[in-house]
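Some notes on the structure that comes next.
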2 protein chains.
Amino acid sequence: MPEQIHVMERRTRQRAALKEAIEQAARPLTPQEILAEAQDAVPGLGIATVYRNIKALMSEGWLHKVEMPGGVDRYERAGLHHHHHFHCQECDRVFDVEGCPGNVESLAPPGFQVASHEIVLYGRCATCSS
Amino acid sequence: MPEQIHVMERRTRQRAALKEAIEQAARPLTPQEILAEAQDAVPGLGIATVYRNIKALMSEGWLHKVEMPGGVDRYERAGLHHHHHFHCQECDRVFDVEGCPGNVESLAPPGFQVASHEIVLYGRCATCSS
DNA sequence: GTATTAACGAGAATGGCTTATCATTCTCGT
DNA sequence: ACGAGAATGATAAGCCATTCTCGTTAATAC
């Protein structure tokens, strides 16, 4: 009687390309951006695979969702230290921003409990400024 | 020959109710929230009318759009002084937050030009905390 | 009051992003 | 090399916020 071994995750070129694209970017990427990057390595890659793996990588804690105002969700490696984001109004890319003003919770009105916060800077990135 | 007089805007109960709801709320409202509030005054009011008037009030500068991460657009009176927002994770309402840490632009990396910024606090509002 | 026509209400249609379906391909333990 | 079934790719379907259509209502000028 053959043992039934449950394979939870297989190593595929697609998944490797997706993870590689995400790590190389070093900034939050939209599903479309992930697709475009990963297609350099795996030409036929489809958008469904991107979404499937985003969901999988999220649930295994490898990936983290970044929600930006008025835009689609973006994703970056989980486990990065506390940071914020810069949204370029020209190229629509989002970049990580180090540091935090601190003392942000004190802005909340009395009785409001602050669990976390997000700061988003808008403007033009270095590339679009030059 | 009757003169052709162009009426640009009529005073309707619906529009009055919408503006009233927005001013009373004193916080950014979603189209659905505006609808719910205004229906207290005008029961039959439809969602299309809400969107129509949002668009109109926006273009005449009376209303201002507030985009929140991972949510639908909200709207509040234009002309309010610089402030930020608190998003209650329990009731999903958004509140205004006075004050600003300042010195926020200095967070941006060299070469990045900051035009504006938004700070969003997450947690539980006073009502949901008690 | 009457005519004009902006504004309304209900529901259909649109447009995006995301998820589901399913036949096919590919990984991996044996 | 083989076989089970996980993963993929193409596309259909689902979701939803927003916009459009159109017959009806009602605000304004006279």
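Throughout, a chain's letter reflects where its sequence line sits, starting with A, and its residues are numbered from 1. Below, each value reflects all heavy atoms present in this structure, side chains not excepted, and no hydrogens, waters or symmetry copies. Because the structure is predicted, anything quoted here is derived from the model rather than measured.
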| field | Any pair counted as side-chain hydrogen bond (donor to acceptor under 3.5 Å, both in side chains), so long as it reaches residues 35-46 of chain B, sequence neighbours left out | value | none
Would you be so kind as to tabulate the donor-acceptor pairs closer than 3.5 Å made by side chains of residues 77-85 of chain A, with sequence neighbours excluded?
from	atom 1	to	atom 2	distance (Å)
R77(A)	NH1	E23(A)	OE2	2.8
H81(A)	NE2	E98(A)	OE1	2.7
H82(A)	NE2	H84(A)	NE2	3.3
H82(A)	NE2	H117(A)	NE2	3.3
H83(A)	ND1	H81(A)	O	2.8
H83(A)	NE2	E76(A)	OE2	2.9
H83(A)	NE2	H85(A)	NE2	3.3
H83(A)	NE2	D96(A)	OD1	3.4
H84(A)	ND1	I119(A)	N	3.2
H84(A)	NE2	H117(A)	NE2	3.2
H85(A)	ND1	E118(A)	OE2	3.3
H85(A)	NE2	D96(A)	OD1	3.4

| query | Which pairs count as salt bridge (Lys or Arg N to Asp or Glu O under 4.0 Å) when at least one residue sits in residues 82-92 of chain B, sequence neighbours excluded? | reply | R74(B)-D92(B), E90(B)-R124(B)
| query | Among pairs that include at least one residue of residues 53-62 of chain B, which meet salt bridge (Lys or Arg N to Asp or Glu O under 4.0 Å), considering only residues two or more places apart or in two chains? | reply |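 As it turns out, there is no salt bridge (Lys or Arg N to Asp or Glu O under 4.0 Å) pair with a partner in residues 53-62 of chain B once direct neighbours are skipped.
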| request: Could you list who else is in L63(A)'s hydrophobic cluster, with ILVMFWY side chains joined at under 4.5 Å, directly or through other members? | output: L18(A), I22(A), L29(A), I34(A), L35(A), V42(A), L45(A), I47(A), V50(A), Y51(A), I54(A), L57(A), M58(A), W62(A), Y75(A)
Which whole-number value in Å describes the distance from [X] [atom1] to [N] [atom2]?
| X | N | atom1 | atom2 | answer |
| --- | --- | --- | --- | --- |
| R11(A) | dT8(D) | CZ | P | 13 Å |
| R13(A) | dT27(C) | CZ | P | 7 Å |
| E9(A) | dG5(D) | CD | C1' | 15 Å |
| R10(A) | dG5(D) | CZ | C1' | 6 Å |
| N53(B) | dC20(D) | CG | P | 15 Å |

| message | Within residues 33-45 of chain A, which residues have any heavy atom lying less than 4.0 Å from an atom of DNA chain D? | response |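 Of all residues in residues 33-45 of chain A, the ones placing a heavy atom under 4.0 Å from DNA chain D are G44(A), L45(A).
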| For the helix from dG1(C)-dC30(D) to dT30(C)-dA1(D), what is the angle between the axes at its two ends, each from 5 pairs, rounded to 10°? | 40°
| field | Letter per nucleotide, 5' to 3', of nucleotides 15-25 of chain C [B base touched, S only sugar-phosphate touched, - untouched; heavy atoms, 4.0 Å] | value | --SSBBB----
| said: Please pick, from dA7(D), dC8(C), dT28(D), the nucleotide with the shortest atom-to-atom distance to any side-chain atom of T49(B). | reply: dC8(C)
| Listed by chain and number, what are the ring-ring contact (aromatic ring centres under 6.0 Å, His included) partners of F86(B), not counting sequence neighbours? |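 With neighbours one apart ignored, the set is F112(A).
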| request: Inspect the contact between E20(A) and R13(A) and indicate whether a charged nitrogen and a carboxylate oxygen are less than 4.0 angstrom apart. | output: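 Salt bridge absent between R13(A) and E20(A).
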| said: Just to verify, what does R93(B) make a salt bridge (charged side-chain N to carboxylate O under 4.0 Å, His left out) with, not counting sequence neighbours? | reply: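 So R93(B) forms no salt bridge (charged side-chain N to carboxylate O under 4.0 Å, His left out) with any residue.
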| field | Contacts of type salt bridge (charged side-chain N to carboxylate O under 4.0 Å, His left out), residue K65(B), not counting sequence neighbours | value | D73(B)
| request: Evaluate the side-chain proximity of V94(B) to V66(B): yes if any heavy-atom separation is below 4.5 Å, no if none is. | output: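 Side chain of V66(B) against side chain of V94(B), heavy atoms only: no contact under 4.5 Å found.
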| field | Contact under 4.0 Å: T12(A) side-chain N or O vs dA6(D) OP1/OP2 | value |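 For dA6(D), neither OP1 nor OP2 has a side-chain N or O of T12(A) closer than 4.0 Å.
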| task | Check side-chain hydrogen bond (donor to acceptor under 3.5 Å, both in side chains) between T49(A) and all other residues, then give those that pass, not counting sequence neighbours. | result |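 side-chain hydrogen bond (donor to acceptor under 3.5 Å, both in side chains) list for T49(A), sorted by chain: R52(A).
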